[in-house]
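A quick write-up on the structure given underneath.
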Amino acid sequence: LNDERGVLGGDTPLSRAGLVYSEAVCAFVAARERSSELRERGCAGHAIVMTGTLRRYDQLTQILLSKYEPKDRTVLRLQRLNELCAGQLDSL
């Protein structure tokens, strides 16, 4: 929600647009995990999810865990990942 207000940072939940984006990210991750390209490279398996500890990161992680297998995938929640590049990637 802060992004919609032009506020950088904070611990707000995802906006509607953020939820739509999160759904797309999760679908992309799941599709890549199933891809034959990764299996051919010997990378079969599921991604380890590394995420920050903010509410919006948790929301994205919950979408991934609730909608895509495996439900028990490894998730590393690291405070150091919070706001990793805050503002540095704007206007790309």
Problem - side chain to side chain contact (heavy atoms under 4.5 Å, CB included) between Leu38 and Ser35, worked out - result: CA-CA 6 Å; Leu38 290 181; Ser35 75; 3.4 Å; yes
Taking the side chain as every heavy atom from C-beta outward, state whether [X] and [Y] have any atom pair closer than 4.5 Å.
X: Leu19; Y: Ile63; value: yes
X: Glu37; Y: Arg32; value: yes
X: Thr53; Y: Leu78; value: no
X: His46; Y: Val29; value: no

Exercise for the section: Group every Ile, Leu, Val, Met, Phe, Trp and Tyr by side-chain heavy-atom contacts under 4.5 Å, then state whether Ile48 and Leu81 land in the same group. Expected result: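 Yes, because Ile48 and Leu81 connect within a single hydrophobic cluster, where side-chain heavy atoms sit under 4.5 Å apart.
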Problem - Stepwise side chain to side chain contact (heavy atoms under 4.5 Å, CB included) check, Leu54 with Tyr57 - result: CA-CA 5 Å; Leu54 299 177; Tyr57 302 143; 3.8 Å; yes
Practice task
Return yes if some donor-acceptor pair links the side-chain N/O of Arg55 with the main-chain N/O of Asp11 below 3.5 Å, else return no.
Solution key: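 Side chain of Arg55 to backbone of Asp11, a donor-acceptor pair under 3.5 Å: yes, one is there.
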Rounded to the nearest 0.5 Å, what separation is found between the [atom1] atom of [X] and the [atom2] atom of [Y]?
X: Met50; Y: Thr74; atom1: CE; atom2: OG1; value: 11.5 Å
X: Tyr21; Y: Leu14; atom1: OH; atom2: CG; value: 11.0 Å
X: Arg34; Y: Tyr68; atom1: CZ; atom2: OH; value: 7.5 Å
X: Gln62; Y: Ser22; atom1: CD; atom2: OG; value: 11.5 Å

Exercise for the section: Report the C-alpha distance between Asn82 and Gln79 in whole Å, list the side-chain angles of each, state the deciding distance to 0.1 Å, and finish with yes or no for side chain to side chain contact (heavy atoms under 4.5 Å, CB included). Expected result: CA-CA 6 Å; Asn82 292 348; Gln79 187 174 8; 3.7 Å; yes
Practice task
Using a strict 4.0 Å threshold on nitrogen-to-oxygen distance, state whether Glu33 and Arg39 make a salt bridge.
Solution key: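 Not counted as a salt bridge, because no side-chain N and carboxylate O are separated by less than 4.0 Å.
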Exercise for the section: Examine the side chains of Thr51 and Asp58 and answer whether a donor and an acceptor come within less than 3.5 Å of each other. Expected result: no
